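Right, one structure below, let's go through it.
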Amino acid sequence: MTARDIILKPIITEKSMTGVATEKKYTFKVANNATKIQVAKAVEEIFGVKVAKVNTVHVRGHLRRQGRYEGYTPAWKKAYVTLTEDSKTIEFFEGMM
């Protein structure tokens with residue numbers, strides 16, 4: 001898998017943006033079968049930063065109803081990427097704050 005196949009998209013919410021401002025912690029939606037090491041290498045390759053640690057979470061699908069029909073939204077994987085102190089910030093997130 002290439003780096004672009006591992007990092008699917010950034011997650012931009014109020015909670016995730018507070019981590020960017022205070023701790024250099026960024027949140028991404030990643031491929032379900034990606035490991036922490038693969039995520040760290042992909043972020044370093046795409047954004048040119050140094051990664052200190054990666055935490056991953058499997059997000060379960062939620063039950064949704066449409067009238068009498070019900071089903072689940074897809075499950076996905078989220079990664080919290082913390083950068084080192086001497087690393088530069090990711091420019092994409094700078095315009096969001």
Side-chain angles (χ1 to χ4, degrees):
M1 287 196 310
T2 65
R4 302 272 180 197
D5 293 334
I6 295 170
I7 306 294
L8 300 179
K9 66 180 184 178
I11 297 175
I12 300 169
T13 60
E14 284 186 47
K15 187 175 181 181
S16 69
M17 294 311 285
T18 58
V20 170
T22 58
E23 305 170 6
K24 285 190 174 181
K25 187 179 281 189
Y26 298 91
T27 310
F28 297 98
K29 180 177 180 179
V30 297
N32 282 336
N33 57 352
T35 63
K36 292 181 180 185
I37 296 168
Q38 290 174 334
V39 170
K41 288 181 181 178
V43 170
E44 288 176 352
E45 181 182 328
I46 293 172
F47 299 108
V49 295
K50 295 179 186 175
V51 175
K53 68 177 184 175
V54 176
N55 296 342
T56 58
V57 177
H58 283 284
V59 180
R60 288 185 180 175
H62 294 119
L63 180 66
R64 294 288 181 247
R65 291 187 45 186
Q66 188 73 32
R68 66 180 181 152
Y69 301 104
E70 62 183 27
Y72 285 88
T73 60
W76 52 286
K77 192 172 193 178
K78 179 172 21 177
Y80 298 103
V81 178
T82 306
L83 304 182
T84 59
E85 291 292 326
D86 59 337
S87 177
K88 64 176 186 159
T89 60
I90 297 176
E91 292 180 16
F92 174 79
F93 289 92
E94 292 295 320
M96 303 294 168
M97 296 191 298

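Hydrogens, waters and symmetry mates are skipped; everything else that's a heavy atom, side chains included, is used. Worth saying up front: this structure is predicted, and the values here are computed from it rather than measured.
- Between the Lys24 side chain and the Ser87 main chain, a donor and an acceptor come within less than 3.5 Å of each other.
- Side-chain atoms of Lys77 come within 3.5 Å of backbone N or O of Ala34 as a donor-acceptor pair.
- Residues Val54 and Phe92 are members of one and the same hydrophobic cluster, defined by side-chain heavy-atom contacts under 4.5 angstrom among Ile, Leu, Val, Met, Phe, Trp and Tyr.
- Cluster annotation: Val43 and Ile11 are assigned to distinct hydrophobic clusters (Ile/Leu/Val/Met/Phe/Trp/Tyr, side-chain heavy-atom contacts under 4.5 Å, transitive).
- Considering only residues two or more places apart in sequence or on other chains, Ser16 meets the side chain to side chain donor-acceptor pair (under 3.5 Å) condition with Thr13.
- If you take NZ on Lys53 and OG1 on Thr84, they are separated by 13.0 Å, rounding to the nearest 0.5 Å.
- To the nearest 0.5 angstrom, Met17 atom CE is 9.0 Å from Thr27 atom OG1.
- Under the 4.5 Å side-chain heavy-atom criterion for ILVMFWY residues, no single connected hydrophobic cluster contains both Ile6 and Val57.
- Of the inter-residue distances, the one linking Thr35 atom OG1 with Met1 atom CE reads 7.5 Å to the nearest 0.5 angstrom.
- Clustering of Ile, Leu, Val, Met, Phe, Trp and Tyr side chains at separations under 4.5 Å places Leu63 together with Tyr72.
- Remark: of the listed residues Val81, Val39, Leu8, Val39 is the sole one forming a side chain to side chain contact (heavy atoms under 4.5 Å, CB included) with Val30.
- The line from CD of Gln38 to CD1 of Ile7 is 10.0 Å long, rounded to the nearest 0.5 Å.
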Practice item. Show your reasoning for whether side-chain contact (heavy atoms from CB on, under 4.5 Å) applies to Tyr26 and Val51. Key: CA-CA 10 Å; Tyr26 298 91; Val51 175; over 6 Å; no

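- For Phe47 and Phe28, the ring centers are positioned less than 6.0 Å apart.
- For the pair Thr73 (side chain) and His62 (backbone), a donor-acceptor distance under 3.5 Å is present.
- Taken from OH in Tyr80 to CD in Glu23, the straight-line distance is 11.5 Å, to the nearest 0.5 Å.
- Between Thr89 atom OG1 and Leu83 atom CG the span is 8.5 Å, to the nearest 0.5 Å.
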